[in-house]
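Every number for a ligand or one of its atoms is a count from 1 in the order of the listing.
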Amino acid sequence: MSGLVMPPSTQSGAGAGSGPDSGPGGDQMIVAEGVSKSFGSVHALDSVSVSARRGTVLALLGHNGAGKTTLVNILTTSLPLSSGRARVAGYDVTREPFEIRRRIGLTGQFASVDTQLSGRDNLVLIARLLGAGRRAARSRADDLLELFELTTVADRRASGYSGGLRRRLDLAVSLVGGPRVIFLDEPTTGLDPSSRLKLWEIVEGLVQQGATVLLTTQYLEEADRLADSITVLSAGKVVASGTADELKATVGRRTVTLTLDGDDAPARAGAALRGAGFAPVGGEDGTRSLVVPIDTTREIADVIRTLDQASVEATELTFGEPTLDDVYLTLAEQHARTPA
Ligand SMILES: Nc1ncnc2c1ncn2[C@@H]1O[C@H](COP(=O)(O)OP(=O)(O)O)[C@@H](O)[C@H]1O
Ligand SMILES: [Mg+2]
């Protein structure tokens with residue numbers, strides 16, 4: 001699907017070679033420096049800095065109320081900042097909001113689809129509003145319907161779409177103008193696993209074609225899968241940032257949980273695992289499960305081999321990745337150990 005992130009041919013002015021976003025030094029597509037935002041006495045953002053280079057995905061990870069949507073609203077110029085500076089596609093959010101709006105796509109949890117219209121008509125309408133001729137608008141709609149696997153429901157009213165279809169249409173609508181920078185505010189919250197996977201694949205495709213994506217999420221797994229860099233927000237503050245691996249290394253709570261059968265199995269498994277250098281937890285007081293912290297997925301095999309050598313049978317074995325809660329807990333513990 002070529003040309004997805006390029007503007008339709010009828011749209012002029014935003015093509016290659018014009019504006020700071022295509023200049024040689026303009027590799028940073030999203031930059032926030034010390035951005036703060038207060039709503040009365042609520043400090044929604046407190047000196048937040050983030051950045052994303054062209055063709056990368058930045059994930060803002062945080063629980064409800066962390067300040068994710070507030071930052072997205074500031075970067076998409078729908079909310080003024082209280083202090084700090086921010087640039088998107090090379091333009092300043094305060095001084096050049098219209099330059100930014102022409103270059104971004106925004107999908108929120110409550111996006112701007114007209115549910116009384118069909119999916120196709122929504123797309124055609126937006127393309128026409130952006131200045132495409134009738135034929136170009138229809139062909140743009142066809143391309144997006146195909147890419148988002150919406151062709152079979154294209155002529156049904158959007159009010160009848162499932163959550164997953166609706167979210168895909170929202171995203172398709174936000175891409176009509178060929179934005180270079182795409183903001184996705186909790187794009188998969190509330191979606192079933194297969195719809196979530198489909199959206200992830202779509203986002204990966206957009207990035208391959210050169211788009212820059214900022215997405216907000218409450219799921220560490222989602223940030224892990226999609227993001228080149230992750231910024232963790234908590235109560236309006238950046239509490240950690242780095243790659244997914246860097247974050248997980250600070251968390252270090254990958255685990256294998258074993259459920260064991262037989263009265264002495266937990267004790268024997270515990271002893272064998274300790275002998276092999278692991279530090280299993282549990283198995284005392286008649287409990288039948290052991291939690292074994294590991295660093296790499298390779299160590300799962302070592303755990304299994306150790307059990308096998310000790311002739312212990314596990315009835316269940318599950319692998320656990322660190323969750324956002326683990327990240328928060330670990331960061332909170334680190335703060336407690338090293339008071340500022
Ligand atoms: N328009 C507003 N008026 C007052 N408080 C707000 C407004 N928007 C957001 N807040 C507050 O700012 C904080 C951050 O909210 P938000 O950015 O929506 O977080 P998130 O998107 O991470 O859930 C919350 O405490 C929220 O209640
Ligand atoms: Mg939000």
Trainee: Between T70, N73, L79, which one has a non-hydrogen atom sitting closest to atom 16 (P) of ligand 1?
Mentor: T70

Trainee: Flag the pair R120 and D142 as a salt bridge only when some basic side-chain nitrogen lies within less than 4.0 angstrom of an acidic carboxylate oxygen.
Mentor: yes

Trainee: For atom 27 (O) of ligand 1, is there a protein heavy atom at a distance under 4.0 Å?
Mentor: no

Trainee: Are side-chain N/O atoms of E222 and T217 paired as donor and acceptor at under 3.5 Å?
Mentor: yes

Trainee: Given A235, S234, G65, which has its nearest heavy atom closest to atom 20 (P) of ligand 1?
Mentor: G65

Trainee: Would you mind listing which atoms of ligand 1 come within a distance below 4.0 Å of any non-hydrogen atom of H63?
Mentor: 22 (O)

Trainee: Which residue and atom name correspond to the protein heavy atom nearest atom 12 (O) of ligand 1, and how close is it?
Mentor: A44 CB, 3.3 Å

Trainee: Is it true that K37 lies under 4.0 Å from ligand 1, counting heavy atoms only?
Mentor: no

Trainee: Mark up the atoms of ligand 1 that fall under 4.0 Å of a heavy atom belonging to A66, in ascending order.
Mentor: 19 (O), 20 (P), 22 (O)

Trainee: Checking a contact table here: which protein heavy atom is nearest atom 18 (O) of ligand 1, and how many Å away?
Mentor: T69 CB, 3.8 Å

Trainee: Report the C-alpha separation of K68 and E186 in whole Å, then their side-chain angles, then the decisive distance to 0.1 Å, and conclude whether the salt bridge (Lys or Arg N to Asp or Glu O under 4.0 Å) test is met.
Mentor: CA-CA 9 Å; K68 304 182 298 294; E186 299 204 28; 3.6 Å; yes

Trainee: Is there an N/O/S atom in T69 at a distance below 2.8 Å from the Mg ion (ligand 2)?
Mentor: yes

Trainee: Side chains of S174 and T107: is there a donor and an acceptor less than 3.5 Å apart?
Mentor: yes

Trainee: Strictly below 4.0 Å, N to O, side chains only: are E99 and R103 in salt-bridge contact?
Mentor: yes

Trainee: Before signing off on this row, confirm whether G67 and ligand 1 have an N or O atom pair separated by under 3.5 Å.
Mentor: yes

Trainee: D121 vs R138, test: salt bridge (Lys or Arg N to Asp or Glu O under 4.0 Å). Steps then yes/no.
Mentor: CA-CA 9 Å; D121 287 347; R138 289 200 75 83; 5.3 Å; no

Trainee: Which residue holds the protein heavy atom closest to atom 25 (O) of ligand 1, what is that atom called, and what is the gap in Å?
Mentor: V42 CG1, 3.9 Å

Trainee: Return a yes/no value for F39: is any of its N or O atoms, backbone included, closer than 3.5 angstrom to an N or O of ligand 1?
Mentor: no

Trainee: Using the rule given for salt bridge (Lys or Arg N to Asp or Glu O under 4.0 Å), can you reason through R305 versus D302, listing the C-alpha separation, both sets of side-chain angles and the distance that settles it, and then say yes or no?
Mentor: CA-CA 5 Å; R305 197 174 313 117; D302 297 335; 3.0 Å; yes

Trainee: Is it the case that the side chains of D245 and T243 hold a donor-acceptor pair, with the cut-off being a distance below 3.5 Å and no angle test?
Mentor: no

Trainee: With no hydrogens and no angle check, do the side chains of T212 and R53 hold a donor and an acceptor under 3.5 Å apart?
Mentor: no

Trainee: Under 4.0 Å from a heavy atom of N64: which atoms of ligand 1 are those, numbered in the order shown and with their elements?
Mentor: 23 (O)

